[in-house]
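Reviewing the structure listed below.
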Amino acid sequence: MMTNKELAAKLIDVAKNYKTLYIMGCFGAPMTASNKKRYTQNHSYNRQPERTAMINAASADTFGFDCVCLIKGLLWGWNGNKNAIYGGASYTSSGVPDIGADQMIKVCKNVTTDFSKIEVGEAVWLEGHIGVYVGDGLAVECTPRWANKVQITACNRNVSGYNRRNWTKHGKLPYVEYVADTTTPPVETTEIRGIDVSKWQGEIDWKKVKAAGIKFAMIRLGYGSANGDACGLDGYFEKNVKNAIAAGIDIGCYFYSYATSVAAAKKEAVYVINVLQKYKGVFTYPVAFDLEDKTQQGLGKQVLTDMVIAFGDAIEKAGFYCSLYSNPSWMKSYLDTDRVKRFDLWLAHWTDKTNYAGAYGMWQNSSSGKVNGINGNVDTDFAYKDYPTIIKGKKLNGFTGSEQQPTVPD
């Protein structure tokens, strides 16, 4: 019987070292011509034109899995043999039956919703979907979401560089031996404390903000207009940028959009890019597109999504790191998340613990924070990525190298 550590290691190996594709009902078959024919006909999901096209486009060394078939395939002996019809797996071997995700969690032992003492190799589950916890706050799952393949994801917490999945339950697979001393405490991701500010905070004592433990600030650059022709600079933008940098705080900026068309969003982007020309080598955090105004809600998903892409494309073409500021409601109801997911998300969700299941690089958790050096309330944030390293390393935002330090603009 495979041990929990062995199962976790095999799952990580598949995710990191093999070409894979989400294919319903497939437990590790290589995408040879005969297997492509088989799997494009075996299930209504795979018969969808876009899914059939993906399967037919896959190389012969690509292995197909779905969520539960990934687990079953490895337990059935899958070994990455591209010359074997099922990649080396032997159907229903090793005492492991052919059951679905919802059936598999029912046969697991010690099933619980408490994730504080989850062990390596346990199944993690939500309705209709299953994966396996592999330690360090991570799980391996096969899903069409995000990368459309076997992938490593963050398990019920934020882990820098990984998409987050909020699983409902976990339990020990009866087909796996759980060896002693493998309990892995949950790993809390390092959270970088930050704030976001605008003219509404008035005069800020940035030295006191720095002393209060704030590491970064997102500063409002300005605001747009319905047709994009009347954009304006935030009255405290220049002062906040200069004084925050002087105090040793990493900064990014955001632009509040009022655009009501794609053409207007493009004009807003042009305005932002023009402002940023004298701020190259200054912002070590993203340039965020703040799309949330009530005047935009009736534009429809297509237009709003096209606006995000138009703005983001322009910012990126100009050499800056663009992100999207949005909240769970907008991400669900007003935007096509599949189309905007290439942009880093700055999630706005004012709560002690967000239940948003998608990936995000920053989280605005409150609008009523208190920070020494600022009079009144201020928005508080957490960052989960090392943006300065990423941005400098990719020579974005006007930086020319990893060692370059932000300069205070004249």
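Reckoned from all heavy atoms, side chains included, excluding hydrogens, waters and symmetry mates. For reference, positions follow the sequence shown, starting with 1. Bear in mind that the values here come from a model prediction, so they are computed numbers and not experimental data.
Residue Tyr279 is tested with Ile245, Val241, Ile251 for a side chain to side chain contact (heavy atoms under 4.5 Å, CB included); the sole match is Val241. Remark: of the listed residues Leu324, Thr337, Leu291, Leu291 is the sole one forming a side chain to side chain contact (heavy atoms under 4.5 Å, CB included) with Trp330.
Between the side chain of Tyr271 and the main chain of Leu233, a donor-acceptor pair closer than 3.5 Å is present. Panel note: side chain Thr284, backbone Pro388; no donor-acceptor pair is recorded below 3.5 Å. Within the 3.5 Å criterion, the main-chain N or O of Ile85 finds a donor-acceptor partner in the side chain of Asn35. Without hydrogens or angle criteria, Asn156 side chain to Trp167 main chain gives a donor-acceptor distance under 3.5 Å. Judged purely by atom type and a 3.5 angstrom limit, Lys210 uses its side chain to pair as donor or acceptor with the backbone of Gly248. Panel note: side chain Asp66, backbone Gly25; a donor-acceptor pair is recorded below 3.5 Å. For the pair Tyr178 (side chain) and Leu173 (backbone), a donor-acceptor distance under 3.5 Å is present. Remark: side-chain polar atoms of Asp381 are not paired, donor with acceptor, to backbone N or O of Arg193 under 3.5 angstrom. Without hydrogens or angle criteria, Gln201 side chain to Val197 main chain gives no donor-acceptor distance under 3.5 Å. With hydrogens and angles ignored, the 3.5 Å screen pairs a side-chain donor or acceptor of Trp363 with a backbone N or O of His349.
Counting only N and O atoms by type, the side chains of Asn377 and Lys370 include a donor and acceptor under 3.5 Å apart. No hydrogens or angles considered: a donor-acceptor pair under 3.5 Å links the side chains of Asp102 and Trp125. Between the side chains of Trp350 and Gln364, at least one donor-acceptor pair of N or O atoms lies under 3.5 Å. Side-chain atoms of Arg164 and Asn166 form a donor-acceptor pair, as typed in the model, at a separation below 3.5 Å. Under the 3.5 Å distance criterion, with hydrogens and angles disregarded, no donor-acceptor pair is assigned to the side chains of Asn163 and Thr153. For the 3.5 Å distance criterion, the side chains of Ser257 and Glu268 qualify, holding a donor opposite an acceptor. Of the N and O atoms on the side chains of Tyr223 and Asp234, not one donor lies less than 3.5 Å from an acceptor on the other residue. Using modelled atom types and a 3.5 Å distance limit, the side chains of His129 and Glu141 yield a donor-acceptor pair. When only modelled atom types and interatomic distance are considered, Asp293 and Thr295 share a side-chain donor-acceptor pair under 3.5 Å. Remark: the Thr354 side chain and the Thr351 side chain contain no N/O donor-acceptor pair separated by less than 3.5 Å. For Arg51 and Asn148, the side-chain atoms include at least one donor-acceptor pair closer than 3.5 Å.
In this pair, Phe283 and Phe237 present their aromatic rings parallel. The plane angle is below 30°, not in the 30 to 60° band. Relative ring orientation between Trp78 and Phe63 is described as perpendicular, the plane-to-plane angle rising above 60° on a 0-90° scale split at 30° and 60°. Ring geometry for Tyr91 against Trp76 counts as perpendicular: the plane angle is over 60°, on a 0 to 90° scale with 30° as the lower cut. Between Tyr360 and Tyr384, the two ring planes are perpendicular [angle over 60°; tilted spans 30° to 60°]. Ring orientation note: the planes of Tyr45 and His43 are nearly perpendicular, at an angle over 60° on the 30°/60° scale.
Taking the ring centre of Tyr236 as origin, the terminal cationic atom of Lys199 falls outside the region bounded by 6.0 Å and 45° from the ring axis.
Between Thr260 and Leu299, the closest side-chain pair of non-hydrogen atoms falls below 4.5 Å. The closest side-chain heavy-atom distance from Tyr86 to Phe27 is below 4.5 Å. Contact check for Pro97 versus Thr92: no side-chain heavy atoms found under the 4.5 Å cut-off. By the 4.5 Å heavy-atom criterion applied to side chains, Ile71 and Met104 are counted as neighbours. Between Ile390 and Tyr321 the shortest side-chain heavy-atom distance falls below 4.5 Å. Put simply, the side chain of Arg165 reaches to within 4.5 Å of the side chain of Trp146, judged on heavy atoms. Contact annotation: the side chain of Lys392 never approaches that of Glu403 to less than 4.5 Å [non-hydrogen atoms, C-beta and beyond]. You'll find the side chain of Tyr175 stays beyond 4.5 Å of the side chain of Lys72, heavy atoms only.
Across every non-hydrogen atom of Gly312 and Cys322, the tightest pair is CA-SG, 3.7 Å. Taking each heavy atom of Gly361 and Tyr387 in turn, the nearest pair found is CA-OH, 3.2 Å.
Within a 6.0 Å radius of CD in Gln41, more than 12 heavy atoms belonging to other residues, nucleotides or ligands are found. Heavy-atom contacts from other residues, nucleotides or ligands closer than 6.0 Å to NZ of Lys267 number more than 12. Other residues, nucleotides and ligands place more than 12 heavy atoms under 6.0 Å from the NZ atom of Lys301. Surrounding NZ of Lys149 are at most 12 heavy atoms belonging to other residues, nucleotides or ligands under 6.0 Å away. Other residues, nucleotides and ligands place no more than 12 heavy atoms under 6.0 Å from the NZ atom of Lys266.
Here the OH-CG distance, from Tyr18 to Asp13, works out to 5.0 Å after rounding to the nearest 0.5 Å. Between atom CG of residue Leu345 and atom OG of residue Ser323 there is a gap of 8.0 Å, rounded to the nearest 0.5 Å. Here the SG atom belonging to Cys26 is positioned 4.0 Å from the OH atom belonging to Tyr39, to the nearest 0.5 angstrom. We find the CG-SG distance between Asn397 and Cys253 to be 8.0 Å, quoted to the nearest 0.5 Å. Atoms OG and CG, from Ser261 and Leu304 in turn, are 11.0 Å apart once rounded to the nearest 0.5 Å.
With respect to Lys385 and Asp344, a salt bridge is recorded, a charged nitrogen being found less than 4.0 Å from a carboxylate O. Between Asp196 and Arg220, no side-chain nitrogen of the basic residue sits less than 4.0 Å from a carboxylate oxygen of the acidic one, so the salt-bridge criterion is not met. Using a 4.0 Å cut-off between a side-chain N of Lys or Arg and a carboxylate O of Asp or Glu, Glu316 and Arg342 qualify as a salt bridge. A salt bridge between Arg339 and Asp306 is present, with a side-chain N of the basic residue lying under 4.0 Å from a carboxylate O of the acidic one.
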message: Walk me through whether Tyr325 and Phe289 qualify under ring-ring contact (aromatic ring centres under 6.0 Å, His included).
response: CA-CA 6 Å; Tyr325 173 93; Phe289 187 46; over 10 Å; no
- prompt: Would Thr380 and Asn365 satisfy side-chain hydrogen bond (donor to acceptor under 3.5 Å, both in side chains), going step by step from the backbone distance to the final call?
  reply: CA-CA 6 Å; Thr380 54; Asn365 70 318; 2.8 Å; yes
query: Stepwise, does the side-chain hydrogen bond (donor to acceptor under 3.5 Å, both in side chains) test hold for Asp61 with Ser59?
result: CA-CA 5 Å; Asp61 60 347; Ser59 58; 2.5 Å; yes
- request: List the steps and the verdict of salt bridge (Lys or Arg N to Asp or Glu O under 4.0 Å) for Glu203 and Lys239.
  value: CA-CA 9 Å; Glu203 295 289 338; Lys239 179 181 289 187; 2.8 Å; yes
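Aromatic pair Tyr133/His170: centroids not less than 6.0 angstrom apart.
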